[in-house]
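Since the structure comes first, as structure tokens, the remarks are kept for the end.
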Amino acid sequence: MIERAILYTDGGSRGNPGSSGIGFVLLNDDGFELTTLCEGGAYIGEATNNEAEYQALIWGLDNAKALDVAHLSVRTDSELVVKQVNGEYRIKSAGIKPLFHQVMLVLKTFDSCEVSHVYREDNSRADTLANVAMDTRDSIGSFSVPWQSDETLGALFEDDFEPATAAPVPASGESHSVNTAFTRNTSAYGASAHDNSARTVSASTGVYTLTVKDHFDAAHSLIGYPGECRKLHGHTWDIEVSVSGVELDDVGIVYDFKDLKDNLATIIASYDHVFLNDVPPFNQINATAEHLARVIYERLEELLPAHVTLEEVSVWESPIAKLTYRR
């Protein structure tokens, strides 16, 4: 077992989305000097910059688990990733949500783990590995677990790990040994004056999805519609919403059903027993099920706490007609 380690990760995209690479450096933090346990860079194909940042973090965590690290301190120059993982920002991108959930699941497997932000100049080695991987379109370094598209977490819960045999990559034209020592407070990997304080992140053993449903009665007319629905008519609108999360509170609840019901009721109260075409924003856009689902989604997203992710909002115009909006 390795008692304490520091993980630096970085990912980048040339085009956003475009050709992308990821890199990580895992350092043994024994209290005296920092030595490199393993490091790697990998070409991951086309991705956005944020997706690459998450993939780099997942790969680094995978390698830290392979080496049986107990207490891990993660450093990344992606402020977005740090704030999302620490619950300060919500997850809106559909491409990021599954990666975020993967990260939160892995973080729980360490005895403790903190994730904090560093400036780019303090993350130079991981950045170099990511860029060399993009240049060579290959995996480089001396990693313990290779990067695998969509299967990165597979090795995390295995009993044995087979170290990869890839050779170390030189930095700035010089040889770079896997066991090179990094003393504290160096410009590359020492404790930086720019480091932000981080909090320990806890996660559940899976992703929990909550779904609630409510309804309201309202009339509308579809302006420009080539059929009877252009005339005034009414529906009993059933609204179904689903949210997800991985962190449980002290009681063992990811988000209270009552709170979610109250959130939804607050939004749809203004739509009950009205002519929707007169109610903003439907006095400016057509009161279609599509627009209704999106508006409810955007309003509900503002009410949810940061650790809860809004998955989708569905609008039922009848028991057999349902429209779903998600991001």
Side-chain angles (χ1 to χ4, degrees), residues 4 7 9 50 53-54 57-58 60-62 64-65 69-76 78-117 152-153 156-157 195-215 239-269 296-314 324-327:
R4 297 187 180 278
L7 174 65
T9 70
N50 292 334
E53 294 281 10
Y54 267 99
L57 177 55
I58 291 170
L61 293 173
D62 197 347
K65 287 307 299 179
V69 172
H71 303 279
L72 184 64
S73 178
V74 178
R75 302 287 182 261
T76 172
S78 172
E79 188 174 4
L80 176 72
V81 170
V82 172
K83 288 186 178 295
Q84 287 179 337
V85 170
N86 286 330
E88 298 176 52
Y89 285 175
R90 296 190 183 94
I91 316 298
K92 296 183 178 180
S93 169
I96 293 300
K97 286 179 181 178
L99 300 177
F100 168 79
H101 288 316
Q102 288 180 12
V103 167
M104 298 305 291
L105 290 173
V106 182
L107 291 180
K108 181 185 180 294
T109 66
F110 296 93
D111 290 349
S112 70
C113 185
E114 61 177 21
V115 180
S116 61
H117 178 263
T152 308
L153 295 180
L156 283 173
F157 306 103
D195 286 358
N196 296 333
S197 60
R199 67 175 179 86
T200 300
V201 177
S202 63
S204 69
T205 56
V207 179
Y208 300 92
T209 300
L210 286 71
T211 301
V212 300
K213 198 172 184 180
D214 203 345
H215 72 275
I239 310 299
E240 181 180 300
V241 302
S242 295
V243 302
S244 67
V246 297
E247 296 183 62
L248 303 182
D249 63 16
D250 293 339
V251 180
I253 294 174
V254 66
Y255 193 52
D256 198 322
F257 277 115
K258 179 182 182 301
D259 292 336
L260 185 56
K261 291 175 183 177
D262 288 345
N263 295 150
L264 179 57
T266 297
I267 294 170
I268 66 175
I296 292 175
Y297 185 105
E298 292 171 350
R299 292 186 61 188
L300 181 58
E301 195 171 43
E302 294 175 354
L303 299 178
L304 294 174
H307 74 281
V308 175
T309 300
L310 179 55
E311 296 293 345
E312 62 184 32
V313 171
S314 296
T324 298
Y325 176 81
R326 66 176 66 90
R327 287 178 179 167

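Only this structure's heavy atoms are used, side chains among them; waters, hydrogens and symmetry mates stay out.
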Step-by-step side-chain contact (heavy atoms from CB on, under 4.5 Å) determination, V241 to L260: CA-CA 9 Å; V241 302; L260 185 56; 4.3 Å; yes
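- Here the CD1 atom belonging to I268 is positioned 7.0 Å from the CD1 atom belonging to I296, to the nearest 0.5 angstrom.
- With sequence neighbours excluded, the residues satisfying side-chain hydrogen bond (donor to acceptor under 3.5 Å, both in side chains) with T324 are S314.
- Atoms CG and OG1, from L57 and T9 in turn, are 5.0 Å apart once rounded to the nearest 0.5 Å.
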side-chain contact (heavy atoms from CB on, under 4.5 Å) evaluation trace for D256 with D262: CA-CA 10 Å; D256 198 322; D262 288 345; over 6 Å; no
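- Listed for the N86 side chain is no donor-acceptor partner under 3.5 Å among the backbone atoms of E88.
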From CA spacing to verdict: side-chain contact (heavy atoms from CB on, under 4.5 Å), V103, V81: CA-CA 10 Å; V103 167; V81 170; over 6 Å; no
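- In this structure, CZ on F257 lies 7.5 Å from OG1 on T211, to the nearest 0.5 angstrom.
- Annotation for T109 and K65: closest pair O-NZ, 3.0 Å, computed over non-hydrogen atoms.
- Pairing each heavy atom of M104 with each of V246, the nearest pair is CB-CG2, 3.3 Å.
- What you find for L210 and V254 is that their closest heavy atoms are CD1-CG1, 3.1 Å.
- L310 and Y297 make their closest contact through O-OH, 3.1 Å (heavy atoms, listed as atom of the first residue, atom of the second, distance).
- Here the CD atom belonging to E302 is positioned 8.5 Å from the CD1 atom belonging to I267, to the nearest 0.5 angstrom.
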Worked check of salt bridge (Lys or Arg N to Asp or Glu O under 4.0 Å) between E298 and R327: CA-CA 10 Å; E298 292 171 350; R327 287 178 179 167; 3.4 Å; yes
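- Side-chain contact between F110 and L61: present, with at least one pair of heavy atoms (C-beta onward) separated by less than 4.5 Å.
- Proximity of T76 to Y54: side-chain heavy atoms (C-beta onward) are nowhere separated by under 4.5 Å.
- Under the 3.5 Å distance criterion, with hydrogens and angles disregarded, a donor-acceptor pair is assigned to the side chains of S116 and R75.
- Pairing each heavy atom of Q84 with each of F100, the nearest pair is O-CE1, 3.3 Å.
- Legend: residues meeting ring-ring contact (aromatic ring centres under 6.0 Å, His included) with Y255, ordered by chain and number and at least two apart, are absent.
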Chi angles and distances behind the side-chain contact (heavy atoms from CB on, under 4.5 Å) call for D62, V106: CA-CA 8 Å; D62 197 347; V106 182; over 6 Å; no
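- Considering CG of N263 and CG of L304, their distance stands at 5.5 Å, rounded to 0.5 Å.
- Counting only heavy atoms from C-beta outward, the side chains of V212 and L264 approach each other to under 4.5 Å.
- From E247, atom CD reaches atom CG of L107 across 9.0 Å, with rounding to the nearest 0.5 Å.
- The two residues K97 and T309 make their nearest non-hydrogen contact at CE-CG2, 3.3 Å.
- At most 12 non-hydrogen atoms from other residues, nucleotides or ligands lie less than 6.0 angstrom from NZ of K92.
- E53 places none of its side-chain heavy atoms less than 4.5 Å from the side chain of L80.
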